[in-house]
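Nothing here was measured: the structure is a model prediction, and the numbers come from that model. Atom set for the values below is all heavy atoms of this structure, side chains included, hydrogens, waters and symmetry mates excluded.
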Amino acid sequence: MANTDDDRRPKYQRIADSLREAIQSGEYGPGDRLPGENELMAAHGVARMTARQALSVLRDEGVAEARKGAGVFVRAFRPLRRRGIQRLSQQQWGSGRSIWSADIENRALEVDQVTVSEEAAPDRISAVLDLADEETVCVRRRRFVLEGKPVLLATSYLPTSVVAGSAITQEDTGPGGTYARLAELGYKPVHFREEIRSRMPSKDEAAQLSMSSGTPVILICRTAFADEGRPVEINEMTLDASSYILEYDFDA
């Protein structure tokens, strides 16, 4: 019989695929221990390195996690479903709700690191916000943690001339967050644009997000526009790709 494409896959990949299928079928549930290297070696007749590579594939995909001295376990963390359109509706932030409440359901979200400062605008930010020479920006940096797992780094840039003296320059922006405060200032967001890319994380990003080796990050750059197309905020976000499902639901 001729070999199929699957037959030509490396042995470690075939083992990883069979373990993934077992996880998806429910044979191994969240938090369950997966077969160890010795068990895989015996079951599949492979060398230790091959068994180790198979488990590494699942760890790199974010499907499994290693626990020192205990083995490799099915990752218990449930990915966050980011509803890209619903979360930004005026009905959401205009009623005093955080845009995050559209994503997290009843799960525990914490912003455990917040800094707010006035800084010179980087060239790329100045160009998009159409700032005058030497005009500064209010910079808000945050780290978001869901159920104890860091999932997102976000840096927002807003013209200082727009937000000076408002709650946006404080760590806690109040009900509805930044967009509700912009509306109060007369710069209500009426349009958003998001650009999405992906790459491997920097060493600092991987450390801040407690990421497994081999896991990429998703980069989302959102620009908020007020009336007459005026850009009033740029938010550069770095997401742990294994922690997110990006959902876009809209009418035809």
L153, V111: one ILVMFWY side-chain cluster at the under-4.5 Å cut-off?
no
Enclosure of Y248 OH (heavy-atom neighbours >12, cutoff 6.0 Å)
yes
Sequence neighbours excluded, every pair satisfying salt bridge (charged side-chain N to carboxylate O under 4.0 Å, His left out) that has a member inside residues 206-235
E194-R222
Ring pair (Phe, Tyr, Trp, His ring centres under 6.0 Å) partners of F192, counting only residues at least two apart
Y179
What do the steps show when you test L40 against L55 for side-chain contact (heavy atoms from CB on, under 4.5 Å), and what is the final call?
CA-CA 10 Å; L40 293 176; L55 293 172; 3.9 Å; yes
Output every pair passing salt bridge (charged side-chain N to carboxylate O under 4.0 Å, His left out) with a member in residues 39-50, not counting sequence neighbours, ordered by first then second residue.
R33-E39, E37-R48
Identify, with sequence neighbours excluded, every residue that meets side chain to side chain donor-acceptor pair (under 3.5 Å) alongside T136.
E118, T160
Taking ring-ring contact (aromatic ring centres under 6.0 Å, His included) as the cut-off, I'd like each qualifying pair that reaches into residues 27-60, sequence neighbours left out, listed once.
none
Shared hydrophobic cluster, V114 / L109 (ILVMFWY, side-chain heavy atoms < 4.5 Å)
yes
I want to check something: taking the side chain as every heavy atom from C-beta on, are P189 and L182 in contact at a cut-off of under 4.5 Å?
yes
Is there a side-chain contact (heavy atoms from CB on, under 4.5 Å) between V151 and V145? Walk through the geometry before answering.
CA-CA 6 Å; V151 294; V145 178; over 6 Å; no
How about CE on M49, more than 12 heavy atoms from neighbouring residues, nucleotides or ligands closer than 6.0 Å, or not?
no
Can you pull the ring-ring contact (aromatic ring centres under 6.0 Å, His included) pairs that have at least one residue in residues 196-232, sequence neighbours excluded?
H191-F225
Is there side-chain contact between L209 and T238, with at least one heavy-atom pair below 4.5 Å?
yes
Rounded to the nearest 0.5 Å, how far does OG of S166 lie from CG of L185?
5.0 Å
Of all pairs that satisfy salt bridge (charged side-chain N to carboxylate O under 4.0 Å, His left out), the ones with a partner from residues 142-167, not counting sequence neighbours
R107-E147, D112-R143, K149-D240
Answer yes or no: are there more than 12 heavy-atom neighbours, outside R67 itself, under 6.0 Å from its atom CZ?
yes
Could you work out the complete set of other residues in the hydrophobic cluster of Y157, with links drawn between I, L, V, M, F, W and Y side chains under 4.5 Å apart?
I125, V128, L129, L131, V137, V139, I234
Hey, could you give me the OG/CE distance between S243 and M211, rounded to the nearest 0.5 Å?
7.5 Å
Backbone of I168 reached by a side-chain donor or acceptor of R140 within 3.5 Å
yes
Between the side chains of R59 and T215, does any donor sit under 3.5 Å from an acceptor?
no
Report yes if the side chains of M200 and V217 come closer than 4.5 Å at any heavy-atom pair, otherwise no.
no
Between E236 and S156, is there a side-chain heavy-atom distance shorter than 4.5 Å?
no
Output the distance between atom CG (L246) and atom CZ (R82), rounded to the nearest 0.5 Å.
6.5 Å
What residues form a side chain to side chain contact (heavy atoms under 4.5 Å, CB included) with A183, not counting sequence neighbours?
W93, K188
With E135 via side chain to side chain donor-acceptor pair (under 3.5 Å) - residues at least two apart
S161
OG1 of T155 to CZ of R141, rounded to nearest 0.5 Å, is 5.5 Å
Check the hydrophobic clustering (I, L, V, M, F, W, Y; side-chain heavy atoms under 4.5 Å; chains of links allowed) and say if L239 and V63 are grouped together.
no
Are any of the side-chain heavy atoms of I218 and I196 separated by less than 4.5 Å?
yes
Under the salt bridge (charged side-chain N to carboxylate O under 4.0 Å, His left out) definition, can you give me all pairs with a residue in residues 205-216, not counting sequence neighbours?
R199-E205
Interatomic distance, L152 atom CG to L80 atom CG [nearest 0.5 angstrom]:
9.0 Å
Begin with the C-alpha distance, continue with both residues' side-chain angles, and end with the deciding distance and a verdict on side chain to side chain donor-acceptor pair (under 3.5 Å) for S242 and R75.
CA-CA 10 Å; S242 66; R75 194 177 187 210; 3.2 Å; yes
Under the side chain to side chain donor-acceptor pair (under 3.5 Å) rule, what do T178 and R181 come out as? Steps first, then yes or no, please.
CA-CA 5 Å; T178 295; R181 302 293 79 75; over 6 Å; no
Any side-chain donor paired with an acceptor under 3.5 Å for S25 and E27?
no
Donor-acceptor pairs under 3.5 angstrom involving side-chain atoms of residues 15-24: please list them, not counting sequence neighbours.
residue	atom	partner	partner atom	Å
D17	OD1	Q13	NE2	3.1
D17	OD1	R20	NH1	2.8
D17	OD1	R20	NH2	3.4
D17	OD2	R9	NH1	2.3
S18	OG	I15	O	2.7
R20	NE	E61	OE1	3.1
R20	NH2	E61	OE1	3.3
R20	NH2	E61	OE2	2.9

Min side-chain heavy-atom separation S198-L219 under 4.5 Å
no
Less than 4.5 Å apart, any side-chain heavy atom of Y12 and any of V57?
yes
If you group Ile, Leu, Val, Met, Phe, Trp and Tyr by side-chain heavy-atom gaps below 4.5 Å, do V72 and L58 land in one group?
yes
Going from OG on S202 to CD on Q208, what distance comes out if it is rounded to the nearest 0.5 angstrom?
8.0 Å
